[in-house]
Amino acid sequence: MNLTAELQWRGLLHDIMPGTEELLNKEPVTGYIGFDPTADSLHIGNMVPVMLLVHLQRAGHNPIALIGGATGMVGDPSGKTAERNLLDLETLRHNLACQEKQLRKFLDFETTKNPARIVNNYDWFQHLGFLEFIRDVGKHITVNYMMAKDSVKNRLEQGMSFTEFSYQLIQGFDFVHLYRTLGVRLQMGGSDQWGNITTGTELIRRMEGGEAFAMTAPLVKKADGSKFGKSEGGNVWLDPAKTSPYKFYQFWLNVADEDASKYIRIFTLLTQQQIEALEAEHAQAPHLRILQKALAADITERVHSKDDLEQALEASQILFGQGTTETLQRMQEETFLSVFEGIPQHQVSKAQLSEGIDAVTLLSEATGVFPSRGEARKMIQGGGVSINKEKLADENQRFNTETLLNGKYILAQKGKKQYFLIVAS
RNA sequence: GGGGAGAUACCAGAGUGGCCAAAUGGGACCGACUGUAACUCGGUUGAGAAAUCUUCGGAGGUUCGAAUCCUCCUCUCCCCA
């Protein structure tokens, strides 16, 4: 199956420039996608462009991931309703390094045939002077053309700085530079990047008399129309320090059926046959969440590791399976810790505990699980709190060292899904 | 440069001297149902056991009493030039 057909059935194809498909079918093409260093980790939304590169490489083409050391200094106005804050250089550099490390996990840099590459546009922008740039690049694009882009048009009312206005030229010149130096003829990205990408192909036509192509993936949304990639705590990050593998796994496990079908196509490399088989199986017994489990397992293993996946599975089993106070008590400390590695931890002093402590104080003042006593009390009264998997009926119930699992831990639970580990020390 | 409108809790948005810890909607969290769903329904959403205390852009003031009135400051938006 060729690349465009593959992307098509996976729901990864939104817009494609005429001639792109023909080019891809004819010869190996070098294509790139830019990543914006706004944070020190990629999040799952960034996995869409990552998958585009993965598919590009699997189809025998040459993928390049561009990290935006220069573009990150300016700030992409696409999809933004207000002017962005600039990042300082140090943050930027740190973010770039972190993202690069993550990108390396998904692409094959070792193959001799069509190895992936990473480039940083700061490398070619740092020595390019402003006069030189507006003379050599800016001369080829009219302000009228630039204003017609949605990213600019949408901001005309509220205003936008010259800095952000010029963003598309910077990104457009990346394309020119890569066209010249590495023979890049394709740029991909999210659908919000279409405007920036076409400024690039336009520049290539005018500056080089060359032809370059574009392809974008749709913006991923949830079935209910809300934004994809957020969980209670905010973004779902690839960095295990920001989103633990357990939480990461749980995020995917909890997606709606409709979304699971969609996401498994987008984020995994399972074949159409495999996916359809899973869907058929899922339809037989939706409560087993076959699709969600397959999706969560596949992506957790690829983003983190097999070990991380196994621990996430084990933790999920204990937390949501038949886990009782007894099973918790029987667990070895080592297993216990590895299972609960990803959940938030709070400290309590052993001395305080051995004197005996009531539930409200334990969960608020002593540990900070709840920000105030009132909130802890209300939640307990509402039947929303469990200790060591046992529902707390009385806010005045007292605890002491007897409560500790393995002589050290208390497992607190707010609602069904939010766990907190209280460590006595 | 001229004229006008406004700033209220996570967001939107009422309230224009006491009955206001502040309507209503959304969001968030909890509960019931369920598939660790969706839908629906119920509860909670400044702190405190309570008395009470701290909140309505900021600083002062008037008043027995201020989100509400006055003064100054900061910021935002709209219209005209």
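What you see below is based on every heavy atom in this structure, not just the backbone, and it leaves out hydrogens, waters and symmetry mates. Here is the naming used below: chain letters follow the sequence lines, and residue numbers restart at 1 for every chain. Quick caveat: nothing in here was measured; it's all calculated off a predicted structure.
The CG atom of A:Leu337 sits 10.5 Å away from the CD atom of A:Gln311 when rounded to the nearest 0.5 Å. To the nearest 0.5 Å, atom OG1 of residue A:Thr199 and atom CE of residue A:Met146 are 7.0 Å apart.
Side-chain to base pairing of A:Lys416 with B:U34: one donor and one acceptor N or O lie within less than 3.5 Å of each other.
Across all strands shown, nothing is found opposite B:U16 as a Watson-Crick or G-U wobble partner with both distances under 3.5 Å. Checking B:A51 for Watson-Crick or G-U wobble geometry (two distances, each under 3.5 Å) identifies no partner in any strand. With a 3.5 Å ceiling on both atom-pair distances, B:A66 lacks any Watson-Crick or G-U wobble partner. Using the Watson-Crick or G-U wobble rule with both distances under 3.5 Å, B:A21 pairs with nothing in any strand shown. Across all strands shown, the partner of B:G1 is B:C80, judged by Watson-Crick or G-U wobble contacts whose two distances both fall under 3.5 Å. Within the shown strands, B:G58 is the pairing partner of B:C72 under the Watson-Crick or G-U definition, both distances less than 3.5 Å. In this structure, B:U36 forms no base pair with any nucleotide, since neither Watson-Crick nor G-U wobble geometry is met with both distances under 3.5 Å. Judged by Watson-Crick or G-U wobble contacts below 3.5 Å, the nucleotide B:G27 has B:U45 as its partner.
With rounding to whole Å, A:Gln418 atom CD is found 13 Å from B:A28 atom P. Computed from coordinates, the A:Asp257 CG to B:U36 P distance equals 12 Å when rounded to whole Å. Taking atom NZ of A:Lys414 as the reference point, atom C1' of B:U36 lies 17 Å away to the nearest angstrom.
Ring centroid separation for the pair A:Trp252 and A:Phe267 comes in under the 6.0 Å cut-off. Note: A:Phe175 and A:Tyr32 meet the aromatic proximity criterion, with ring centroids under 6.0 Å apart.
Residue-to-nucleotide proximity on RNA chain B shows that, of A:Gly415 and A:Leu253, the 5′-proximal contact is made by A:Gly415.
For the P atoms, the distance linking B:U45 with B:A23 amounts to 11 Å, nearest Å. B:G58 and B:G6: their C1' atoms are spaced 16 Å apart (whole Å). If you take atom P in B:A81 and the same atom in B:C29, they sit 50 Å apart, rounded to whole Å. When the C1' atom is used for both B:G48 and B:C53, the distance is 8 Å, rounded to whole Å. Comparing the C1' positions of B:C33 and B:C10 gives a spacing of 28 Å, expressed to the nearest Å. If you take atom C1' in B:A9 and the same atom in B:C20, they sit 13 Å apart, rounded to whole Å.
Contacts between residues 276-288 of chain A and RNA chain B, defined by a heavy-atom separation under 4.0 Å, are made by A:Pro286, A:His287. For RNA chain B, no neighbouring residue in residues 295-313 of chain A is found when judged by any heavy atom under 4.0 Å.
Remark: A:Glu333 pairs with A:Lys408 by the salt bridge (Lys or Arg N to Asp or Glu O under 4.0 Å) rule, at least two apart or across chains. Here A:Asp358 pairs with A:Thr361 under the side chain to side chain donor-acceptor pair (under 3.5 Å) rule; sequence neighbours left out. For A:Thr4, the side chain to side chain donor-acceptor pair (under 3.5 Å) partners two or more places apart in sequence, or in a different chain, are A:Asn2, A:Glu21. Residues passing the salt bridge (Lys or Arg N to Asp or Glu O under 4.0 Å) test with A:Asp123: none are found, sequence neighbours excluded. Contacts of A:Lys242 classified as salt bridge (Lys or Arg N to Asp or Glu O under 4.0 Å), with partners at least two apart in sequence or in another chain: A:Asp40. In terms of the side chain to side chain donor-acceptor pair (under 3.5 Å) criterion, A:Tyr263 has no residue partners (sequence neighbours excluded). Applying the side chain to side chain donor-acceptor pair (under 3.5 Å) rule to A:Arg206 yields the partners A:Glu202; only residues at least two apart in sequence or on another chain are considered.
A cation-pi arrangement is absent between A:Arg117 and A:Phe109 under the rule of less than 6.0 angstrom and at most 45 degrees off the ring axis.
The minimum heavy-atom distance between A:Pro49 and A:Ile33, with the atom names listed, is O-CD1, 3.2 Å. Nearest heavy atoms, A:Ile275 versus A:Ile264: CG2-CG2, 3.7 Å.
Identified under the ring-ring contact (aromatic ring centres under 6.0 Å, His included) test for residues 391-425 of chain A, with sequence neighbours left out: A:Phe336-A:Tyr409, A:His346-A:Phe420.
Here the side chain of A:Lys391 is nearest to one of B:A32, B:C30, B:U36, namely B:A32.
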Please list each protein N or O that sits under 3.5 Å from an N or O in nucleotides 54-56 of chain B, with the distance.
none

For nucleotides 41-48 of chain B, give me every protein contact, N/O to N/O, under 3.5 Å, one pair per line with atom names.
unit_1: B:A47; atom_1: OP1; unit_2: A:Ser372; atom_2: OG; d: 3.2
unit_1: B:G48; atom_1: OP1; unit_2: A:Arg373; atom_2: N; d: 2.7
unit_1: B:G48; atom_1: OP1; unit_2: A:Gly374; atom_2: N; d: 3.4
unit_1: B:G48; atom_1: OP2; unit_2: A:Ser372; atom_2: OG; d: 3.4
unit_1: B:G48; atom_1: OP2; unit_2: A:Gly374; atom_2: N; d: 2.8

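In this model, the phosphate group of B:A37 is approached by a side-chain N or O of A:Lys417 to a distance below 4.0 Å at OP1 or OP2.
For the pair A:Arg265 and A:Glu279, the salt-bridge criterion is met [side-chain N within less than 4.0 Å of a carboxylate O].
Nucleic acid contact class of A:Gln292 (heavy atoms, under 4.0 Å, all strands): base. At the heavy-atom level, A:Gln381 lies nowhere under 4.0 Å from the strands shown.
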